[in-house]
Amino acid sequence: MNLLLTASGLRNETLRDALRDMLGKPFGSANIVYVPTASVAEPGDHGWFVQGMNRLYGLGWREFDVLELNGLPRRLVLDRLLHADVIHVEGGSHYHLARSITGNGLADGFLQALESRVYVGVSAGSMIFSRNLTAHSADVIGDTPDLHVLGATTVEPPFGLFDWYLKPHLYSPDFPERDDAWADRIAARADFPIYFIDDDTAVRVRDSKVDVVSEGRWRFHP
């Protein structure tokens with residue numbers, strides 16, 4: 001399993017090189033499927049979404065597919081995932097994304113697809129693999145309002161692959177409250193490991209090996 005879990009996509013050459021290495025062939029020879037599901041639960045201006053999608057499209061893929069996880073037959077969704085070499089899952093609400101995967105019965109098929117494909121997560125798309133994606137972590141992180149706005153009080157982790165949790169956008173100008181003091185407060189309350197990563201960083205998972213790829217800054221609290 002090859003996962004490149006970013007905060008803000010492939011924003012620098014180090015992250016793009018990491019993806020090329022994991023993919024094992026040029027982007028122009030690969031199919032990518034772009035999953036925007038998490039973004040639709042976010043209110044307000046979506047310029048960030050358009051910019052990120054355009055940046056990704058501009059890398060010159062052989063085929064660029066767009067796939068919404070809700071409203072389509074399960075088999076059709078899984079076939080589209082299996083057709084891709086890279087599965088790219090955009091940011092937004094990680095709770096909406098997780099609930100879309102579990103609610104549509106996609107978790108097992110999604111994991112099967114990931115056995116032989118490269119996964120790139122952006123923000124919410126990077127946060128869905130922790131077994132600590134729960135109502136408890138929402139309280140620890142301070143995300144409970146984001147869960148309640150969906151009319152939910154609980155969330156089921158769709159995959160539960162790791163005990164560590166990933167929190168993106170450290171030091172981001174788009175999230176000015178996410179500074180060291182913010183991370184310190186969360187780390188002091190958390191009873192699970194956390195990676196805090198900035199917008200130029202990714203946590204890379206290759207089979208059972210986990211490391212960090214970065215042109216920026218990050219913190220890990222075991």
Side-chain angles (χ1 to χ4, degrees), residues 3-16 18-19 34-56 88-100 119-130 132-150 152 155 157 162 164-205 212-222:
L3 313 176
L4 190 65
L5 305 178
T6 79
S8 197
L10 305 171
R11 289 170 57 102
N12 58 61
E13 196 60 31
T14 296
L15 298 180
R16 292 188 287 271
L19 178 57
Y34 181 91
V35 178
T37 299
S39 69
V40 301
E42 288 294 307
D45 182 79
H46 275 58
W48 58 271
F49 171 83
V50 176
Q51 291 170 359
M53 188 176 188
N54 285 340
R55 183 169 59 238
L56 183 67
H88 186 284
V89 179
E90 187 53 73
S93 170
H94 52 301
Y95 298 124
H96 177 64
L97 178 58
R99 285 158 57 84
S100 297
Y119 179 96
V120 178
V122 177
S123 193
S126 296
M127 300 173 69
I128 55 174
F129 292 94
S130 177
N132 283 300
L133 180 60
T134 63
H136 170 66
S137 65
D139 178 60
V140 169
I141 301 292
D143 285 345
T144 299
D146 296 334
L147 185 57
H148 289 174
V149 78
L150 300 175
V155 61
F162 315 119
W164 47 266
Y165 193 96
L166 187 148
K167 192 64 180 170
H169 308 305
L170 182 65
Y171 313 125
S172 171
D174 295 324
F175 299 87
E177 76 283 359
R178 298 191 183 184
D179 56 12
D180 282 318
W182 167 82
D184 288 342
R185 287 192 298 270
I186 294 173
R189 297 186 62 198
D191 53 359
F192 46 85
I194 307 179
Y195 283 96
F196 297 94
I197 63 172
D198 75 358
D199 291 344
D200 286 302
T201 299
V203 176
R204 177 172 54 187
V205 181
V212 175
V213 182
S214 181
E215 287 189 11
R217 294 177 290 173
W218 56 280
R219 296 172 50 165
F220 177 63
H221 294 267

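Below, all heavy atoms of this structure are taken into account, side chains as well, without hydrogens, waters or symmetry copies.
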H136 and F192 aromatic ring geometry - parallel, tilted or perpendicular at 30°/60° bounds
perpendicular
Which label fits W182 and F196: parallel for a plane angle under 30°, tilted from 30 to 60°, or perpendicular past 60°?
perpendicular
Donor-acceptor pair, [X] side chain versus [Y] backbone, under 3.5 Å?
{"X": "S93", "Y": "A38", "answer": "no"}
{"X": "S126", "Y": "A7", "answer": "no"}
{"X": "T201", "Y": "S214", "answer": "no"}
{"X": "H46", "Y": "G44", "answer": "yes"}

If you compare all heavy atoms of [X] against all heavy atoms of [Y], which two are closest, and at what distance to 0.1 Å?
{"X": "I128", "Y": "A124", "value": "CG2-O, 3.5 Å"}
{"X": "V205", "Y": "W164", "value": "CG2-CZ2, 4.1 Å"}
{"X": "A202", "Y": "L4", "value": "CB-CD1, 3.8 Å"}
{"X": "P176", "Y": "P173", "value": "CD-O, 3.6 Å"}
{"X": "T134", "Y": "P157", "value": "CG2-CD, 4.5 Å"}

How would you list, by chain and number, every residue that makes a salt bridge (charged side-chain N to carboxylate O under 4.0 Å, His left out) with D146, sequence neighbours excluded?
none
Mind checking salt bridge (charged side-chain N to carboxylate O under 4.0 Å, His left out) for E177 and listing every partner two or more places apart, or none if nothing turns up?
none
Would you indicate whether the side-chain heavy atoms of [Y] and [X] approach each other to under 4.5 Å?
{"X": "D139", "Y": "R189", "result": "yes"}
{"X": "P193", "Y": "H221", "result": "no"}
{"X": "L15", "Y": "D200", "result": "no"}
{"X": "V155", "Y": "L150", "result": "no"}
{"X": "V89", "Y": "L97", "result": "yes"}
{"X": "H88", "Y": "V122", "result": "yes"}
{"X": "E215", "Y": "R11", "result": "no"}

side-chain contact (heavy atoms from CB on, under 4.5 Å) between D198 and H169, worked out
CA-CA 5 Å; D198 75 358; H169 308 305; over 6 Å; no
As a quick check of understanding, evaluate side-chain contact (heavy atoms from CB on, under 4.5 Å) for W48 and S39, giving each step before the final call.
CA-CA 10 Å; W48 58 271; S39 69; 3.7 Å; yes
Between [atom1] on residue [X] and [atom2] on residue [Y], distance to nearest 0.5 Å:
{"X": "R55", "Y": "R16", "atom1": "CZ", "atom2": "CZ", "value": "8.5 Å"}
{"X": "E90", "Y": "E42", "atom1": "CD", "atom2": "CD", "value": "11.0 Å"}
{"X": "Y34", "Y": "L56", "atom1": "OH", "atom2": "CG", "value": "7.0 Å"}
{"X": "R178", "Y": "D199", "atom1": "CZ", "atom2": "CG", "value": "9.5 Å"}
{"X": "I197", "Y": "L5", "atom1": "CD1", "atom2": "CG", "value": "7.5 Å"}
{"X": "D179", "Y": "S172", "atom1": "CG", "atom2": "OG", "value": "12.0 Å"}

Is there a ring pair (Phe, Tyr, Trp, His ring centres under 6.0 Å) between F129 and Y119 once you walk through the steps?
CA-CA 11 Å; F129 292 94; Y119 179 96; 4.9 Å; yes
Would you kindly check if the NZ (Lys) or CZ (Arg) of R217 is within the cone defined by 45 degrees around the ring axis of Y171 and under 6.0 Å from the six-membered ring centre?
yes
Under the side-chain contact (heavy atoms from CB on, under 4.5 Å) test against F162, which residue among L3, L133, V203 passes?
L3
Decide yes or no on side-chain contact (heavy atoms from CB on, under 4.5 Å) for L19 and L10, but give the supporting numbers first.
CA-CA 9 Å; L19 178 57; L10 305 171; 3.5 Å; yes
Going through the distances and angles, do R219 and Y195 end up as a side-chain contact (heavy atoms from CB on, under 4.5 Å)?
CA-CA 6 Å; R219 296 172 50 165; Y195 283 96; over 6 Å; no
